Amino acid sequence: MRPFSFLLIFCLATSLATAQPNPPVKRLPRIAIAGLGIESSTFSPALTGEAAFHAKYGDAIFAIYPFWSPDSVITREAVWVPTIDGHALPGGAVTREAYESLVRKTLDSLKKHLPYDGLFYDIHGAMSVVGLDDPEGDFLVRIRKVVGKKTIISTAMDLHGNVSWRLAENSDLITCYRMAPHEDALQTKRRAITILIDRLQTGKGKPAYKAYIAVPILLPGEKTSTRIEPGKSLYAKVWPAAVQPGIVDAAIWIGYAWADEPRNHAVVMVTGDDKAKVTSTAEYLAKSFWDVRNEFKFVAPTGSLKECLDKAIASTRHPFYISDSGDNPTAGGAGDVTWTLTQILKRPEFKTDKGPSLIYASIPGPEMIKKILAAGVSGHVDGYAGAKVDARLAPPVHIVGTVESIVKGDVDAEVEASVKMGSVHIIVTQKRKPYHHEKDFTKLGLNPRTADIVVVKIGYLEPELYNMRADWLLALTPGGVDQDIEHLPYKHLKCSIFPLDKNMKDPDLTAKLVPLSDEVK
Ligand SMILES: [Zn+2]
């Protein structure tokens, strides 16, 4: 709790004690904060431990989002009770021990500060836990047992999260991003909070209706960007749908393709107080989604790695970006698959200093980092990196070259270095790290704007890279988040799903009303 929250409570107590109710003093709502966010692939051999969540406890949580800065309106409108908020880079499934430990800490903290008028449940929605289906639903059921049925719970999610029926039952308000890439992430969380505060302050309480429609579609994020059609027009329908009278919020979840659970499919949910409007709006959005299912294409032209490299080398457009999409660490790839880098280093074009310059981001190699630190900048190194976690496709890659730069202190990578081998600048890291921003490169002395080719373990390009690209191809490389999802070995999906089942009949897209959390047994 923040110090001035105590002050506000003190002021309130004083007002009541002196019996001067004009103007009436409204008690500030008590709102707890809890959440865990990760997107984790069950098709990757990697496992995620507790430390990966970089969990923040108590007041440290206020620093996560700017809307809890000391001078923000949101901060002043409630007595905030932060418990735990942890966000991990996407990765492999979370170990059961890590999950149970984080849940236990959350529940213990919630028990200490009861009661709550509201709770902000800050999740991604695509966490996989070893031996447990639907962790976010399980977590919320356990939170409910502690906070009780009266507390209004507002859940904010990534549109790549999954909404199980029990998550919907136990959330009173629920929403997700409306943009991919997620430029509206903060705006979404802020909306989830301001709606919660509004429902508490006005006494409107929980919305009377929650409509839920499971849409049997499963698509990778790289086909559903809202920058391009049909995602662009589909998601453009959400905002006007959400601001209609009688509607509190509306949301479409694409879902997460790289986990094999019954809850993995698209979902539409609409909340509000007007039953007819809530159900018809949900059905309109679900039908809109189903109607365009055949139009989703990859966000960039695709090809095999060989095709992409051939085109990039022959092109006059630079920097030419290539997404190494199968091991994208921000989708849940292990991040240390060496297959792509091994293929690049085999190409004759890059064998000498005079070849086209290529930046490769990145390959984790803690043993290699030791050698790099020992050699120092300008030193010569000879060692192996990668394939510690995911060696299914290629063994550790042999790197022989000159150390160009070393940077310490990154929150994810810890130590990063650039090693020049032929005409390739290889970024080697202590731990895996996504390279999404220009400064991720420039701080290592690399200039992605003047390089001929930049190969990044990523799916769709994040905005800074997208804006500087002269050209871009998405390489369909193998790995834990293989974009070719139609060939993934799913066993537990609930029903017939597009596009895995190409001949499926039109599904029932009638809205189901989810029981209010008060009624859940
Ligand atoms: Zn996402």
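These numbers come from a predicted model, not from an experiment. Just follow the structure's listing: the first ligand is 1, and inside any ligand the first atom is 1.
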Mind jotting down which residue pairs meet the ring-ring contact (aromatic ring centres under 6.0 Å, His included) criterion with at least one end in residues 172-200? Sequence neighbours excluded, please.
H160-H182, Y177-H182

With sequence neighbours excluded, give me every salt bridge (Lys or Arg N to Asp or Glu O under 4.0 Å) pair touching residues 228-237.
none

Under 2.8 Å from the Zn ion (ligand 1), which protein atoms of type N, O or S occur, listed by chain and number?
D158 OD1, D158 OD2, H160 ND1, H182 NE2

Whether the [X] and [Y] side chains hold a donor-acceptor pair (N or O, under 3.5 Å, no angle test) is what I'd like checked.
X: N264; Y: Y490; value: no
X: D172; Y: S517; value: yes
X: S325; Y: Q483; value: no

Across all chains, not counting sequence neighbours, the ring pair (Phe, Tyr, Trp, His ring centres under 6.0 Å) partners of F498 are none

